[in-house]
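Nothing here was measured: the structure is a model prediction, and the numbers come from that model. Computation of the quantities below employed the complete heavy-atom set of this structure, encompassing side-chain atoms and omitting hydrogens, waters and symmetry-equivalent molecules.
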Number of protein chains: 2
Amino acid sequence: MSRKGWLSAKEVRIADVARLAGVSTATVSRVLADPNKVRQKTRDLVTEAVRRSGYTPNSVARNLRTRRTMTALVVVPNLANPVFAQILRGIDDELTQSGYGLVIGNLDNCAEREARYVELALSRQVDGIILMNGRIPESDKRTMREAELPMVAMCAAIHEEKIPNVVVQDREASRAAVEYLVRLGHRRLGYIAGPPPNVIAAERLAGFLDGIAEAGLTERDFVCWEGRFVFSAGVAAAEAFLRLKNRPTGIYASSDESAIGFIKVVRAAGVRIPEDVSVIGFDGIEFADYVEPTLTTFRQPLHDLGRKGADVLLKMIRQGMSPEDWNVRLPLTLLERDTTGPFLRDPKKVSRQSRARTRVLSQ
Amino acid sequence: MSRKGWLSAKEVRIADVARLAGVSTATVSRVLADPNKVRQKTRDLVTEAVRRSGYTPNSVARNLRTRRTMTALVVVPNLANPVFAQILRGIDDELTQSGYGLVIGNLDNCAEREARYVELALSRQVDGIILMNGRIPESDKRTMREAELPMVAMCAAIHEEKIPNVVVQDREASRAAVEYLVRLGHRRLGYIAGPPPNVIAAERLAGFLDGIAEAGLTERDFVCWEGRFVFSAGVAAAEAFLRLKNRPTGIYASSDESAIGFIKVVRAAGVRIPEDVSVIGFDGIEFADYVEPTLTTFRQPLHDLGRKGADVLLKMIRQGMSPEDWNVRLPLTLLERDTTGPFLRDPKKVSRQSRARTRVLSQ
DNA sequence: AGGCAAGATGTAATCGATTACAAAAGTCGA
DNA sequence: TCGACTTTTGTAATCGATTACATCTTGCCT
């Protein structure tokens, strides 16, 4: 009952191949799934019939019967963010290697879309889910837990049983960023935060405050600006910064994009980086090495993070929901470049040394 | 016959809902598909049963029966490239609006993966395909044409019947870029190309040559460097540039990333932009506005391009393969910023004026 | 009340594979 | 050559929805 136009061509089914090869559909199926199960001679017959007919199995039918789709759903808050793009590549590599495919669900910070993806998952179109959005409605969590669908949370610590977290050491690295600025002599700091409801943003903020406390600083020694991990957030922070009478000399931005936005604006206003103000970012996107001056930042092991997340998901899918604790927290690397320098009481002409150092965050 | 662990929970099917509501499965199905087809009273009964049981239709089964998946496959060469990320958002918006989902196939410049996606498409897991890879093996083209799967080519002119192209005016804009540099007085030009097998790269190169011819320049007046649209390509081009005795003063890079990579390296070598060398890019990625100096470039209407591509695909899916010519070629916008300036015979101290102009490419 | 059209619901076939189970074919030693 | 056992193949049920067609209600007009 082929439809209007484009399906009119011969739609070849497994039965056609079976007829052509003079065997049953079961045999054809077996040849395709596990060739050793059928005799060499029959196998050749079938293989030839498949080739001649140009048969491709209908995987929708297969998925229905096997109750598996060999596909995982990955929900990202924002595809345009290079951080997620890199993580996705890691996930993709790992899944592909195991014969799984992936569907990417882009939220674009639009809650409404979220429902669509929950739906997708619940309707058995995928075998598991990786969530990278920082906040998930309670109702959805409940629904999905009830559906007992394997699920891992990345970039967003979900404190739920049965949902492992695969994340980086956001809090520790944030603490270390402050420590780094303090060690350079900065005693008045600024922080460009992430969006408040986001769990990662909260972690990094906590780390920042850890560092503040550790350095013996108080509330009067720092300023916080709210951001959304994007360029424009840095721009807004910079504008606020420029209005201050008593400006911080050390800025920690919780994302590279916001660091870069900040730098652009303050430099345009005549502020020198790093002579007047040091800036350190977070993420380690490729771009950070192409701005002027090159951005000091903590690099996330994005590709590894993706692989690890997919690895954990695959384990859950294959072994069923496991009681074991599969939480993972990967360390970051400090890339010390040109936007940070020692605090100068009297910033005059300073010859900038060019660097090329990289050291691993010690914990 | 629930599997090992995670499927042991009650798997609720349409029959369960039907029983609960005291109606047939047909009625339940109708309520879900088109509520007006059933009487108010029955409808309420069913709705309530659905709610109570927590039923979600199994879309794999539905897809098998309806022979549609309401899903499109989008193949991209490189997810990490912000150009594709933006196009994807446009595609996603359009598809979502029409109730379609999308699967993203990331090639990562790895031909082997390509086969996977052809397979995916052929196995009826998607209703249509959008291809953004610049080169598609002949064999695949044939296979897919035979399968008569709706397909549109974006960012890659495929000269095939039944495969509409939705692209930007690569060639025209390239020509205009040269014209722009020439009008500024530059008579010695450099071109950072894309990867040769890529159709887009070829279009842009052709446009560059158009511009050269139009300006009355000859082969001795320009240099070409091969690239791959990425940062590192610009870096390599810059190194070659620096080795030249008679350097070009106007550079046209066929991607923003390569322009940015180029600028970073030549500036480090003491070349001033735009006093010594003018650089114009192509793409208009957000990032181009955050480098120093801000990059003059042709902006692609990425979001619109994505929407348009998806729109054409949906038309093909809904109306069948059409003989009509659905080719689309969108215009670009010149963003005139700070990396370009007039040719200076004797480049001394020049006060740079800050700009904020944008004008639309006239064709 | 009777008749008829329109509307609502149910029955059962169908989509295209996989796979449990049964049946047939092959292998091998006595 | 005859079981006994293993390997290979076939038959038919199954996955979970949709939908053509048949049947049953309902409403309305005379």
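Of the candidate nucleotides D:dG16, D:dT19, C:dT18, D:dG16 has the atom lying nearest to any side-chain atom of A:Arg67. Proximity note for B:Ser29 (side chain, C-beta onward) versus C:dA17, D:dT18, D:dG10: the nearest is D:dT18. In this structure, the nucleotide among D:dC15, C:dC15, C:dT19 sitting nearest to the side chain of B:Leu64 is C:dC15.
The CD1 atom of B:Ile14 sits 13 Å away from the C1' atom of C:dG10 (whole-angstrom rounding). The distance from atom CG of A:Asp44 to atom P of D:dT8 is 14 Å, rounded to the nearest whole Å. Put simply, CG on A:Leu45 is 15 Å from P on D:dT8, counting in whole angstrom units. When rounded to the nearest whole Å, the span between CG of B:Asp34 and P of D:dA20 equals 13 Å. Residue B:Asn58 contributes atom CG, which lies 13 Å from atom C1' of D:dT14 at whole-angstrom precision. D:dG16 atom P lies 14 Å from atom CZ of A:Arg68, rounded to whole Å. Per the geometry, CE belonging to B:Met70 stands 15 Å off C1' belonging to D:dT18, to the nearest Å. Taking atom CG of residue A:Asn63 and atom P of nucleotide C:dA17, one finds them 12 Å apart after rounding to whole Å.
With respect to the salt-bridge test (charged N to carboxylate O, under 4.0 angstrom), the residues B:Asp93 and A:Arg113 qualify.
Closest of all the heavy-atom pairs between B:Val38 and B:Arg43 is O-NH2, 3.3 Å. Smallest separation of non-hydrogen atoms from B:Tyr117 and A:Asp92: OH-OD2, 4.1 Å. Taking every heavy atom of both residues into account, A:Leu102 and B:Val103 meet most closely at O-CG1, 3.7 Å. When all heavy atoms are compared, the tightest approach of B:Leu305 to B:Met154 is O-CE, 3.2 Å.
Comparing the axis of the opening five pairs of the helix from C:dA1-D:dT30 to C:dA30-D:dT1 with that of the closing five pairs yields an angle of 40°, rounded to 10°.
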Given A:Asp108 and A:Leu79, is the side-chain contact (heavy atoms from CB on, under 4.5 Å) satisfied, shown in steps?
CA-CA 7 Å; A:Asp108 256 340; A:Leu79 245 190; 6.0 Å; no
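If you run side-chain hydrogen bond (donor to acceptor under 3.5 Å, both in side chains) between A:Gln40 and each of A:Thr42, A:Asp44, A:Asn36, only A:Asp44 comes through.
In terms of position along DNA chain D, the nucleotide closest to A:Ala61 lies nearer the 5' end than the nucleotide closest to the other residue of the pair B:Thr25 and A:Ala61.
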Return the polar atom pairs (N/O with N/O) between nucleotides 4-9 of chain C and the protein under 3.5 Å, or none.
from, atom 1, to, atom 2, distance (Å)
C:dT9, OP1, B:Arg39, NH2, 3.2
C:dT9, OP1, B:Thr42, OG1, 2.1
C:dT9, OP2, B:Arg39, N, 3.1
C:dT9, OP2, B:Thr42, OG1, 3.4

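Regarding contacts with the backbone of C:dT18, a side-chain N or O of A:Arg62 is found under 4.0 angstrom from either OP1 or OP2.
In this structure, B:Thr47 contributes its side chain and B:Leu45 its backbone to no donor-acceptor pair below 3.5 Å.
The base of D:dT14 sits within donor-acceptor range of the side chain of A:Arg65, with an N or O pair under 3.5 Å.
Within 6.0 Å of the CZ atom in B:Arg329, the count of heavy atoms belonging to other residues, nucleotides or ligands exceeds 12.
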